[in-house]
Amino acid sequence: AQRVTQVQPTGSSQWGEEVTLDCSYETSEYFYRIFWYRQLFSGEMVFLIYQPSFDTQNQRSGRYSVVFQKSFKSISLVISASQPEDSGTYFCALSAPTGGNNKLTFGQGTVLSVIP
Amino acid sequence: DMKVTQMPRYLIKRMGENVLLECGQDMSHETMYWYRQDPGLGLQLIYISYDVDSNSEGDIPKGYRVSRKKREHFSLILDSAKTNQTSVYFCASSFGGGSDYTFGSGTRLLVI
């Protein structure tokens, strides 16, 4: 069974601060990917970054990076120099293909507010 | 512009009515998905489709069925809608191995 847990229902930061959002997951698969999405207030899901399990290097994309702790089945999203436009709901999602099923299993989400 | 399009964006139905949610994609993705999103629960998978007429139940398929007669089109059907099916429904697609998922903008369904 696959499970994703985001224990922070909400978070906040001041403009310009670094923000860290946490996620833990469960899977018995060896190969998997962890995705981070931001949901805009309109409902649109925006892809941010993903980490493949076989890559020991933390992925980075612009102001987004992850801290991947594979042995703890934990991954954090780090947003540098946060801006008010970063406000929204952040979802961690796991893709661990089992029998060809590429479904994403989502966490509950963290609502982030960046205060100007 | 590569995208997933959902219609309609908003829908109000009475309990017992049939509901059809439509999803289209222009990327020739093999795999398509229907999720529902409820407050505090993230997105939950209803059905997955691997290609035309190749559909499988997701985690919460009860009360739903799907149809995929063309690769670019995937429909979600609620026969005799219930009030607990009030939710936001998202369609998504991915190419094969699933490293590239594209989501639609969602359909907000209210069943009264």
Side-chain angles (χ1 to χ4, degrees), chain A residues 1-10 21-27 29-55 59 61 88-111, chain B residues 1-6 8-11 21 23 25 27 29-51 54-61 66 74 87-109:
Chain A
Q2 300 173 16
R3 187 193 299 263
V4 176
T5 304
Q6 295 178 254
V7 296
Q8 307 157 287
T10 61
L21 306 178
D22 299 321
C23 173
S24 62
Y25 58 91
E26 296 172 25
T27 181
E29 296 295 323
Y30 186 77
F31 293 108
Y32 55 88
R33 301 177 181 94
I34 305 289
F35 293 78
W36 281 95
Y37 289 90
R38 177 164 73 101
Q39 186 169 41
L40 308 180
F41 293 117
S42 65
E44 181 183 354
M45 297 288 281
V46 178
F47 166 75
L48 300 177
I49 193 169
Y50 88 93
Q51 176 76 44
S53 61
F54 56 79
D55 194 339
Q59 299 300 298
S61 177
T89 304
Y90 288 76
F91 288 98
C92 175
L94 167 69
S95 173
T98 304
N101 183 334
N102 293 319
K103 73 170 186 178
L104 284 170
T105 300
F106 283 82
Q108 305 91 322
T110 298
V111 180
Chain B
D1 193 20
M2 298 184 295
K3 59 183 179 181
V4 173
T5 304
Q6 290 185 238
R9 288 298 312 276
Y10 302 92
L11 188 60
L21 304 185
C23 175
Q25 50 101 356
M27 297 163 282
H29 281 172
E30 300 160 343
T31 310
M32 296 186 74
Y33 314 79
W34 276 107
Y35 290 87
R36 65 177 279 177
Q37 183 179 21
D38 300 296
L41 291 180
L43 278 72
Q44 298 173 276
L45 181 68
I46 305 170
Y47 266 94
I48 183 170
S49 174
Y50 298 103
D51 212 326
S54 180
N55 307 316
S56 291
E57 294 181 345
D59 298 320
I60 52 165
V66 293
F74 191 32
S87 189
V88 182
Y89 291 86
F90 285 94
C91 177
S93 70
S94 70
F95 178 71
S99 62
D100 181 14
Y101 298 85
T102 303
F103 283 85
S105 299
T107 294
R108 291 183 178 274
L109 172 66

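Quick caveat, the model's predicted, so the values are computed rather than measured. Note that these values count all heavy atoms, side chains included, but never hydrogens, waters or copies made by symmetry. Proteins get letters first, then strands, A, B, ... in listed order; numbering begins at 1 in each.
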Exercise for review: Please lay out, stage by stage, how B/Asp59 and A/Lys103 fare under the test side-chain contact (heavy atoms from CB on, under 4.5 Å).
Suggested key: CA-CA 10 Å; B/Asp59 298 320; A/Lys103 73 170 186 178; 2.8 Å; yes
Exercise for review: List the steps, then state whether side-chain contact (heavy atoms from CB on, under 4.5 Å) holds for A/Phe47 with B/Tyr101.
Suggested key: CA-CA 8 Å; A/Phe47 166 75; B/Tyr101 298 85; over 6 Å; no
Review point. What part of A/Gln39 is in contact with chain B, defined as an atom under 4.5 angstrom from a non-hydrogen atom: side chain, backbone, both or neither?
Key: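 For A/Gln39, the side chain is the part near chain B, not the backbone.
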Point to revise | Region of A/Ser42 in contact with chain B, defined by heavy-atom distances below 4.5 Å | key: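 Backbone of A/Ser42 only, per the 4.5 Å heavy-atom cut-off to chain B.
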Review point. Under the 3.5 angstrom rule, does the side chain of B/Tyr35 hit a backbone N or O of A/Leu104 as a donor-acceptor pair?
Key: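 Pair found, side chain donor or acceptor close to backbone of A/Leu104.
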Practice item. Please state whether the side chain, the backbone, both or neither of B/Gln37 comes within less than 4.5 Å of a heavy atom of chain A. Key: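 Side chain only.
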**Study point:** Under 4.5 Å from any heavy atom of chain A - which part of B/Leu43
**Key:**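 For B/Leu43, heavy atoms of backbone and side chain both lie under 4.5 Å from chain A.
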Point to revise | Approximate separation, where rounding is to 0.5 Å, of A/Phe106 CZ and B/Leu45 CG | key: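 CG of B/Leu45 is found 9.5 Å from CZ of A/Phe106.
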